[in-house]
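The first residue in the sequence is number 1, and the count goes up from there. Just so it is clear, the model here is predicted, and its values are computed rather than measured. Hydrogens, waters and symmetry mates are skipped; everything else that's a heavy atom, side chains included, is used.
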Amino acid sequence: MSTTVAVALALLLGVLLAGPLSADRIYTTEQAQALLEKLLLENIVPFWYPGVIDEEHGGYRLNHDAEGSWLGPADKALVTQARTVWFFSRLHDSTYGKPEHLEAARHGFRFLKDKMWDPENGGFYWSVSNDGSEAVESQKHMYGEGFGLYALAEYIRASEDPEAVALAKELFALMEEKAHDKEHGGYLELFARNWSNDPEDLPEVRASMGGERNPGRKLMNTHLHLMEPFTTYYEVTEDELVRERLVELIFVQSNAVLRKNLGACTDRYERDWTPLSEEPDRRVSYGHDIENVWLLIEACGAAGIPNGPLTDLYKALFAYSLEYGWDAEKGGFYYFGPFNEPASFKGKSWWVQAEGMVSGLFMHRLTGDEKYYEVFEKSLQWIAEHQADWENGDWHAWVDGRPEGKAGPWKSPYHNGRAVIECLEILDAMD
């Protein structure tokens with residue numbers, strides 16, 4: 001037995017022996033809370049703080065191999081720099097936060113503002129050099145801009161920093177002016193450095209979401225991660241235009257991206273929301289669908305919209321992913337699969353397990369249905385036994401999947417850190 005597995009099993013056994021179990025549940029509430037706290041405080045936070053703080057150049061060092069060893073200086077990507085600002089801000093405002101976590105968030109905010117913001121055209125670059133001296137990928141993509149706003153909004157909630165307030169206001173205004181699609185709803189996504197949407201002005205960029213370089217296409221994934229920051233930004237501003245756009249995004253995520261005859265979402269669409277039908281578009285990403293469920297619940301709550309009218313939709317999205325993408329024996333969700341067939345890619349990604357766990361608990365709280373609590377528990381059990389790297393820290397990016405490092409342009413403490421904090425807060429409120 002490997003050291004990693006032995007540590008995980010010993011931890012799990014300790015939790016199981018902490019008290020009696022109910023007949024139908026894996027953990028008591030106290031045991032689940034204890035295991036989640038161990039994941040946060042002994043596995044997630046120590047990996048990211050203070051080790052990723054780049055004291056020399058600013059921002060965060062996010063270039064670690066699968067075992068968690070730093071591979072040296074690398075370009076800094078907007079998505080994960082912003083997500084890490086978000087995480088330290090959110091951690092600070094939780095029961096488990098400390099003053100140094102706010103300082104870590106402030107450190108990342110300074111890099112976003114001073115090095116990743118385009119001083120000439122506004123908006124954030126997709127990536128910059130390690131020291132922030134030049135833009136490496138200068139295009140503006142709404143997926144990245146959305147995470148920039150998410151970081152700013154959560155940092156504002158934690159700090160009330162007037163510089164962050166001003167930058168967030170400027171960014172939202174740019175998104176409104178340059179990207180909002182007044183005719184079809186939602187947002188155009190891909191822009192050149194100067195915010196031109198003309199295909200001739202767009203570089204051949206490897207970073208475009210979904211493999212797209214077509215500036216007229218729209219992605220479910222991008223709009224999911226616009227609804228997310230608009231939820232937080234509305235909560236901290238109570239700006240009516242922000243709420244109007246948030247409600248629009250709720251319609252997008254609960255209607256436009258849903259294949260009505262399937263009961264699941266797909267990712268790529270024409271500007272008028274006509275779904276693409278090429279072979280890569282005929283598959284379902286279980287993680288995005290279940291993440292969509294709990295982010296819709298949160299968005300409706302922020303906007304003052306009852307979740308009742310959308311509850312059947314949430315159940316339908318969950319039912320599809322449970323039927324085709326859920327590992328009923330071991331727990332955890334697979335990555336994707338074709339329409340109405342079992343998963344074709346059965347790798348288990350860290351972010352999918354995080355979103356499955358928190359979404360299951362959100363749905364249990366909303367409906368009272370025990371099957372969703374089972375998803376939460378079995379996801380937690382899978383994470384503790386297999387996804388969490390108790391030897392080197394944080395979570396394995398994949399189990400039986402693609403090789404990927406512990407930190408980089410796509411992996412940060414955002415998915416798993418957020419999921420664990422959210423679950424702890426829900427369980428605490430349920431006591």
Side-chain angles (χ1 to χ4, degrees), residues 5 7-44 96 286-287 289-295 297-298 311 314-315 317-335 343 346 348-390 394-396 399-400 415-431:
V5 173
V7 171
L9 291 177
L11 169 67
L12 186 61
L13 181 61
V15 172
L16 290 175
L17 294 177
L21 294 174
S22 71
D24 299 317
R25 291 188 172 181
I26 301 170
Y27 311 120
T28 65
T29 301
E30 292 77 15
Q31 290 164 353
Q33 288 172 314
L35 184 50
L36 288 163
E37 285 188 345
K38 283 182 176 292
L39 283 165
L40 182 65
L41 300 178
E42 299 178 24
N43 173 252
I44 297 173
Y96 308 94
Y286 312 117
D289 275 18
I290 54 183
E291 184 180 16
N292 191 25
V293 167
W294 83 266
L295 291 181
I297 294 171
E298 287 248 293
T311 299
Y314 305 153
K315 291 178 179 179
L317 290 173
F318 231 104
Y320 184 97
S321 289
L322 284 174
E323 181 173 0
Y324 297 113
W326 172 247
D327 185 343
E329 179 183 353
K330 298 178 180 179
F333 284 94
Y334 302 126
Y335 206 63
K346 293 189 175 182
K348 290 183 180 177
S349 170
W350 95 99
W351 74 264
V352 176
Q353 309 324 310
E355 300 303 336
M357 179 175 70
V358 68
S359 192
L361 197 53
F362 261 79
M363 281 296 287
H364 173 71
R365 182 175 66 176
L366 180 68
T367 68
D369 193 325
E370 280 293 308
K371 71 182 176 186
Y372 299 118
Y373 197 87
E374 181 182 350
V375 170
F376 157 70
E377 283 195 306
K378 293 193 75 171
S379 295
L380 174 58
Q381 184 178 40
W382 166 267
I383 289 164
E385 291 185 344
H386 303 286
Q387 208 83 38
D389 183 348
W390 295 105
D394 202 64
W395 298 6
H396 300 293
V399 177
D400 298 327
H415 278 290
N416 55 347
R418 177 176 70 173
V420 171
I421 291 171
E422 289 285 343
C423 287
L424 280 165
E425 291 181 351
I426 291 173
L427 290 174
D428 184 61
M430 288 168 57
D431 283 351

**Q** Using the rule given for salt bridge (charged side-chain N to carboxylate O under 4.0 Å, His left out), can you reason through R418 versus E355, listing the C-alpha separation, both sets of side-chain angles and the distance that settles it, and then say yes or no?
**A** CA-CA 9 Å; R418 177 176 70 173; E355 300 303 336; 3.0 Å; yes
**Q** So do the side chains of W395 and H415 get within less than 4.5 Å of each other, counting heavy atoms only?
**A**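 They are not in side-chain contact.
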**Q** Check the orientation of F362 and W294. Use parallel for under 30°, tilted for 30 to 60°, and perpendicular for over 60°.
**A**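 Rings of F362 and W294: tilted, 30 to 60°.
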**Q** Provide the full list of salt bridge (charged side-chain N to carboxylate O under 4.0 Å, His left out) pairs with a residue in residues 361-376, sequence neighbours left out, each pair given once.
**A**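 Counting only pairs at least two positions apart or across chains, the salt bridge (charged side-chain N to carboxylate O under 4.0 Å, His left out) contacts touching residues 361-376 are R25-E370.
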**Q** State, yes or no, whether a side-chain contact exists between I290 and F333 at a heavy-atom distance under 4.5 Å.
**A**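 A side-chain contact under 4.5 Å exists here.
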**Q** Looking at side-chain heavy atoms only, is the closest gap between V293 and I297 below 4.5 Å?
**A**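 In short, these two side chains touch, coming nearer than 4.5 Å.
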**Q** Treating S359 as the side-chain partner and E291 as the backbone partner, does any N or O pair qualify as donor plus acceptor under 3.5 Å?
**A**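 Checked: no pair found.
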**Q** Could you check if a side-chain atom of S321 sits within less than 4.5 angstrom of a side-chain atom of W326, using non-hydrogen atoms only?
**A**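 No, side chains not in contact.
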**Q** Can you find a pair of side-chain heavy atoms, one from Y286 and one from Y335, that are under 4.5 Å apart?
**A**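 No - every pair of side-chain heavy atoms lies 4.5 Å or more apart.
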**Q** Do L35 and I383 come close enough that some side-chain heavy atom pair is under 4.5 Å?
**A**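 They are not in side-chain contact.
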**Q** Would you check, one step at a time, whether the test side-chain contact (heavy atoms from CB on, under 4.5 Å) holds for F318 with V375?
**A** CA-CA 10 Å; F318 231 104; V375 170; 4.1 Å; yes
**Q** Quiz question: by atom type and distance under 3.5 Å, do the side chains of Q33 and Y27 form a donor-acceptor pair?
**A**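 Not at all, the side chains of Q33 and Y27 share no donor-acceptor pair under 3.5 Å.
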**Q** Answer whether the closest heavy-atom distance between the side chains of I26 and K378 falls below 4.5 Å.
**A**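 Side-chain contact under 4.5 Å: yes.
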**Q** Under a 3.5 Å distance rule, please check whether K315 uses its side chain to pair with a backbone N or O of T367 as donor and acceptor.
**A**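 Not a single qualifying donor-acceptor pair exists.
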**Q** Side chains of D394 and N43: donor-acceptor distance under 3.5 Å anywhere?
**A**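 N43 and D394 do not have a side-chain donor-acceptor pair below 3.5 Å.
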**Q** Would you check if the side chain of Q387 reaches a backbone N or O of H396 as a donor-acceptor pair within less than 3.5 Å?
**A**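 It does hold such a pair.
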**Q** Is there a side-chain contact between M357 and E422, using heavy atoms and a 4.5 Å cut-off?
**A**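 Heavy-atom side-chain distance check fails, nothing below 4.5 Å.
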**Q** Report yes or no: do Q353 and W382 form a side-chain donor-acceptor pair below 3.5 Å?
**A**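 Q353 vs W382: no donor-acceptor pair found between side chains.
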**Q** Taking the ring of H364 and the ring of Y372, is the distance between their centroids below 6.0 Å?
**A**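 No; H364 has its ring centre 6.0 Å or more from that of Y372.
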